[in-house]
Amino acid sequence: MDPSCWLDESRERDIYDLHDNDPRDQGYRRFLSKLTYPLLERLEPGDCGLDFGCGPGPALAAVLTEAGMDMALYDPFFYPEKSALSRQYDFITCTEVAEHLRRPAAIFRQLDELLVPGGWLGIMTCFQTSDERFANWHYRRDPTHIVFYRQATMEWLAKAHGWALSIPAKDVALFHKV
């Protein structure tokens, strides 16, 4: 999206405050399982992870903590503790966040730096699949969604960063820092 159309941070935060990401919501947990199940297959109990862009209710971090992971939280609006960005992690999750990034190239570089060699980055965002349907696509109608990705974009990101890529489920990309 053209930057002139971006919401100011106050209006953006107001929309995020409407999200209901309750960690106890079983439907939301099922939604997140598209990422958690394949990611957990690749992790060891006690691995350290960062839920990047966790939002007001860090449900994904709760699920991963329950599975035995050690989780840190970062969100510029809700968990803005910069110290979470000053260490490295065995894995990073970024669910329903990539479409909000104002500087995606810089953020993907930052995420790469935050991963240990051999670490995993899990991204979940609705992939754009059809130019013909873009104008009526529900996902692009959210005014906080300013950048969109295709599977080919994920392949490009993997190549650019030297990551191995797998797409274990619709709208999920797992990158392995090799």
Side-chain angles (χ1 to χ4, degrees), residues 1-7 9 11-13 15-16 18-19 21 28-43 49-56 58-61 63-64 73-79 85 89 91-115 119-178:
M1 177 186 295
D2 186 284
S4 68
C5 297
W6 294 351
L7 299 177
E9 287 186 5
R11 289 181 59 215
E12 187 175 6
R13 166 73 190 252
I15 290 173
Y16 297 152
L18 299 174
H19 291 183
N21 299 345
Y28 191 56
R29 285 173 168 251
R30 272 190 303 280
F31 170 72
L32 296 173
S33 71
K34 291 182 359 179
L35 174 66
T36 57
Y37 288 165
L39 181 61
L40 284 169
E41 291 174 351
R42 293 158 169 85
L43 301 177
L50 172 65
D51 189 356
F52 185 88
C54 62
L60 183 64
V63 170
L64 293 169
L73 305 174
Y74 177 76
D75 187 286
F77 292 106
F78 302 102
Y79 292 88
L85 304 178
Y89 297 92
F91 67 97
I92 299 171
T93 59
C94 191
T95 59
E96 299 300 308
V97 172
E99 63 276 9
H100 301 273
L101 300 177
R102 292 180 179 210
R103 296 175 19 255
I107 296 297
F108 280 105
R109 279 192 300 276
Q110 180 181 32
L111 295 174
D112 182 56
E113 291 169 6
L114 292 171
L115 275 177
W120 291 92
L121 170 61
I123 303 287
M124 189 163 80
T125 185
C126 195
F127 293 178
Q128 189 213 350
T129 59
S130 172
D131 289 339
E132 294 79 30
R133 293 191 302 239
F134 186 77
N136 295 316
W137 188 31
H138 78 285
Y139 207 65
R140 77 144 189 101
R141 294 188 183 280
D142 181 325
T144 67
H145 292 180
I146 61 174
V147 62
F148 304 101
Y149 304 82
R150 297 173 181 259
Q151 181 170 327
T153 313
M154 299 302 174
E155 293 165 357
W156 184 92
L157 284 167
K159 185 175 180 180
H161 291 281
W163 301 329
L165 170 66
S166 63
I167 308 285
K170 181 182 180 303
D171 302 328
V172 174
L174 288 180
F175 299 99
H176 189 214
K177 183 174 180 175
V178 290

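When reading the values below, keep in mind they use all heavy atoms of this one structure, side chains included, and skip hydrogens, waters and symmetry mates. By convention here, the first residue in the shown sequence is residue 1.
No side-chain donor-acceptor contact under 3.5 Å links Arg29 to the backbone of Val63. In this structure a side-chain-to-backbone donor-acceptor pair under 3.5 Å is missing from Arg140 to Asn136.
If you take CG on Leu40 and CG on Leu64, they are separated by 5.5 Å, rounding to the nearest 0.5 Å. Here the CG atom belonging to Leu85 is positioned 5.5 Å from the OH atom belonging to Tyr74, to the nearest 0.5 angstrom. A distance of 6.5 Å separates CG of Leu50 from CG of Leu114, quoted to the nearest 0.5 Å. In this structure, CD in Gln110 is found 11.0 Å from CG in Asp112, a value given to the nearest 0.5 Å. Annotation: the span from Glu155 atom CD to Arg150 atom CZ amounts to 12.0 Å, rounded to 0.5 Å. A distance of 9.0 Å separates CG of Asn21 from CZ of Phe78, quoted to the nearest 0.5 Å.
A search for salt bridge (Lys or Arg N to Asp or Glu O under 4.0 Å) contacts involving Arg11 returns nothing, not counting sequence neighbours.
Taking each heavy atom of Ser4 and Asp2 in turn, the nearest pair found is OG-OD1, 2.5 Å. When all heavy atoms are compared, the tightest approach of His19 to Ile15 is CD2-O, 3.6 Å. The two atoms that bring Leu73 and Ala61 nearest to each other are CD2-CB, 3.4 Å, heavy atoms only. Here the closest non-hydrogen pair linking Phe134 and Gln128 is CD1-NE2, 3.5 Å. Of all non-hydrogen atoms in Gly162 and Val178, the two that sit nearest each other are O-CG2, 3.2 Å. Taking all atoms of both residues into account, the shortest heavy-atom contact from Pro56 to Tyr79 is O-OH, 4.0 Å.
The environment of Arg141 atom CZ is dense: over 12 non-hydrogen atoms of other residues, nucleotides or ligands sit within 6.0 angstrom. At most 12 heavy atoms of other shown residues, nucleotides or ligands fall within 6.0 angstrom of atom CH2 in Trp156. The neighbour count for Arg102 CZ, taken as heavy atoms of other residues, nucleotides or ligands under 6.0 Å away, is above 12.
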Tabulate below the donor-acceptor pairs under 3.5 Å that side-chain atoms of residues 92-100 make, not counting sequence neighbours, or state none.
unit_1, atom_1, unit_2, atom_2, d
Thr93, OG1, Asp51, OD1, 3.3
Glu96, OE1, Tyr139, OH, 2.7
Glu99, OE1, Thr125, OG1, 2.6
Glu99, OE1, Tyr139, OH, 3.3
Glu99, OE2, Tyr139, OH, 2.9
His100, ND1, Tyr16, OH, 2.9
His100, ND1, Thr144, O, 3.0
His100, ND1, Thr144, OG1, 3.2
His100, NE2, Glu96, O, 3.4

Under 3.5 Å donor-acceptor pairs involving side-chain atoms of residues 165-176, not counting sequence neighbours:
unit_1, atom_1, unit_2, atom_2, d
Asp171, OD1, Phe127, N, 2.9
His176, NE2, Gly118, O, 3.0

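Taking the six-membered ring for Trp and thresholds of 30 and 60 degrees, Phe148 and His145 have ring planes more than 60 degrees apart, a perpendicular arrangement.
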Legend entry - Working for side-chain contact (heavy atoms from CB on, under 4.5 Å), residues Ile123 and Leu121: CA-CA 6 Å; Ile123 303 287; Leu121 170 61; 3.9 Å; yes
Inset, instruction - Might you work through the side-chain contact (heavy atoms from CB on, under 4.5 Å) test for Phe52 and Tyr89, ending with a clear yes or no? - result: CA-CA 11 Å; Phe52 185 88; Tyr89 297 92; over 6 Å; no
